[in-house]
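Let me begin by presenting the structure, written as structure tokens, before commenting on it.
Letters A, B, ... mirror the listed sequences (proteins, then strands); counts begin at 1.
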Number of protein chains: 2
Amino acid sequence: MSARTPGRTPTLEDVARVAGVSRATVSRVVNGIRNVDRDIQEAVRRAIEKTGYTPNRVARSLVTRRTGAVALVVSGAGGDVFGDPFFGRVVSGVVDYLRRHSTHPLLMLADDDAARDDVVSHLRQGGADGALLVTTHPDDRLPLMLAVAGLPAVVFAGTTQALSYVDMKHKKGGELAAWHLLDRDRARLASISGPRDVPASQERLAGFRRIAGDDVPNVAGNFTLASGEEAMAELLRTRPDLDGVFVANDLMAQGALGVLQASGRTVPGDVAVVGFDDSSAALACRPKLTTIRQPVEEMGAAMAELLLDHVAQPGLPPTSRIFEPSLVIRDST
Amino acid sequence: MSARTPGRTPTLEDVARVAGVSRATVSRVVNGIRNVDRDIQEAVRRAIEKTGYTPNRVARSLVTRRTGAVALVVSGAGGDVFGDPFFGRVVSGVVDYLRRHSTHPLLMLADDDAARDDVVSHLRQGGADGALLVTTHPDDRLPLMLAVAGLPAVVFAGTTQALSYVDMKHKKGGELAAWHLLDRDRARLASISGPRDVPASQERLAGFRRIAGDDVPNVAGNFTLASGEEAMAELLRTRPDLDGVFVANDLMAQGALGVLQASGRTVPGDVAVVGFDDSSAALACRPKLTTIRQPVEEMGAAMAELLLDHVAQPGLPPTSRIFEPSLVIRDST
DNA sequence: CTGAAAGCGCTAACAG
DNA sequence: CTGTTAGCGCTTTCAG
């Protein structure tokens, strides 16, 4: 490890000169292409060591037309996207998959039109090989923008036909919750759903009602803890004798749990509670929350995999990957 | 917006031909350099419009030797870094600052030696202009690796002299907590600290004890909710008559709160509780948690700012920026 | 104020 | 199996 030309960072050319071969040969060795004589390989390796050579990613990208980076775009509502435990799990899955394919995610926010344009132009400029989109709002026009621009992209919980996406069987999740509550001999059920304009939320409710009955009372929240508290309070007012409740995400369930207990009811003694997501909030509850698990990390990984496929083979038709929910029984039921 | 040469994406050359000028002139217009005739500027602009030209970032980077991306490296313990509400706030601040300077963060994990080497080599390869490091562990050797490699980097809560860093007056935070508890007429204080090997955690405790007394009982947790529960239970065993407790982060405080209430004590009636961080966990507590706020978003932004300075002016000596904690009074005291 | 020319560092045919 | 030759698309002296 000795510096050769002190001022400049060594290039392929430098290594080639030291090793007494051509640039192309060095390039082959660096990129692990076989067709190179053993001895020469060794010589090149020594020259690399001696010069302290590191390949220049940018120069490489210019010719391969690939950057080894993908945009991870989050267009959640409000500023606190990164604090969302759900989003954290998605990122985890994405990062974990990408790193094994020497790719890195470029974090981008798309919370307004200017930001959305930025994302598109960044991709068009070759700043990233494709995009991973995580949105809750179904009316986000970014997916469409990317689709018409012909840029590789994969959506989490997609609503666009034109792009590949991953999603989960939300309806089935609602059914699992209902079955479980019924199993626990609960007869007076109720539910707290997410916002009316979030499809996934409506599906969960539909599934729950398919099993528990179409007339099961429901109050809509907005996925925050406080909204769970309010919804629970309202439910208690209209149906004080309830003995089982299904909540469309863990955070609202946490709020509901608190209200239930503050009202003097025990959980699961008087009322059984089932959440949704299996996020860190489920474990923060006392009692720990029984919940419908979304395999979010796997879904994130699948997104990444799909995207890398699209990057490798442009023109691949849009696909989707739908995951199964599962019941995680803890102490709230 | 009409496509000219259908197959290829338009280049500077194409625009130049359409506008009847040279590449250099187009480049000047694109980069907003003044010395260009009004009329020619207009002509170029029209040609850009007509061809649908977008500058190629990679080609530009190759010559400017700048990518417009920085690595955001997180080497937290365990896999769930992204779920940490604290980390989320840092990212928020970083992203918010960077976007206003047309820079994007490249998310990287540095949880083992191989990953750390990846970070260094990625930077050496010119994959990013610098690195932002967020670690809790003081013995992480990545900062040093970057320092010796001469790569621009800024650390959150730094422990290395060789790098710029941002931090907070943790000791003062502990003092604020103690003063507040004393203000509330609490006389039998106790505390739950973070791990012994986390400097920030020790400073908070030191500050608390400086005001509350060196003999105040303390149990160390590890910043998780469960550890907060255990610590509180132990504290209650040795000091059942306590009436005020300072907890080194909100998550542990949330756990402590639950144990306190389960033991039949009221908060803040019987026991007052002060947390630390002002993370989302503080708002998830019932009663809502009084806590010592860290201006994490601002700290994240400051990190980004420092880094961009270092990138713009290589050779700039390491600096630091130390922030003030503040007391946020809610309902647990 | 504008153009010509020289690379930035690398990969990828194509010969040999 | 190895070297030669072209570029990838852009910025930037340097003349004019």
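Other residues, nucleotides and ligands place no more than 12 heavy atoms under 6.0 Å from the OH atom of A:Tyr165. For A:Glu42, the CD atom counts as densely surrounded, since its 6.0 Å shell holds more than 12 non-hydrogen atoms of other residues, nucleotides or ligands. For B:Arg38, the CZ atom sits in a loose shell: 12 or fewer heavy atoms of surrounding residues, nucleotides or ligands are nearer than 6.0 Å.
At the phosphate of D:dT11, neither OP1 nor OP2 sits under 4.0 Å from any side-chain N or O atom of B:Thr64. Dashed line: the shortest gap from a side-chain N or O of A:Arg28 to OP1 or OP2 of D:dG3 is not under 4.0 Å.
As judged by a 4.0 angstrom heavy-atom cut-off over every strand, B:Val30 is placed among residues making no nucleic acid contact. Nucleic acid contact for B:Val58: none, since no nucleic acid atom lies under 4.0 Å from a heavy atom of the residue.
Between B:Ala59 and B:Val21, the one whose closest nucleotide on DNA chain C sits nearer the 5' end is B:Val21.
Judged by distance alone, the side chain of B:Ser61 and the main-chain N or O of B:Arg66 form a donor-acceptor pair under 3.5 Å.
Judged by distance alone, the side chains of A:Asp140 and A:Ser75 do bring a donor and an acceptor atom under 3.5 Å apart.
For A:Arg23 and D:dT5, the CZ to C1' distance is 9 Å, given to the nearest whole Å. To the nearest angstrom, P of D:dT13 lies 13 Å from CG of B:Asn31. Atom CG of B:Leu12 is separated from atom C1' of D:dT12 by 13 Å (rounded to the nearest Å). Taking atom CG on A:Leu62 and atom C1' on D:dG9, their separation rounds to 6 Å, with Å as the unit. Note: CG (A:Asn56) to P (D:dC8) measures 18 Å, nearest angstrom. Rounded to an integer number of Å, the gap from A:Arg66 CZ to D:dC8 C1' is 14 Å. Here D:dG7 presents its P atom at 14 Å from CZ of A:Arg65, a figure rounded to the nearest Å.
Close approach of DNA chain C to chain B, defined as any atom under 4.0 Å from a non-hydrogen atom of the protein, starts and stops at C:dC1 to C:dG9.
Checked against A:Val21 for a side-chain contact (heavy atoms from CB on, under 4.5 Å), the options A:Val15, A:Val29, A:Val44, A:Val36 give a single hit: A:Val44. Screening A:Leu133, A:Leu308, A:Val155, A:Val94 for a side-chain contact (heavy atoms from CB on, under 4.5 Å) with A:Met303, the sole residue that qualifies is A:Val94.
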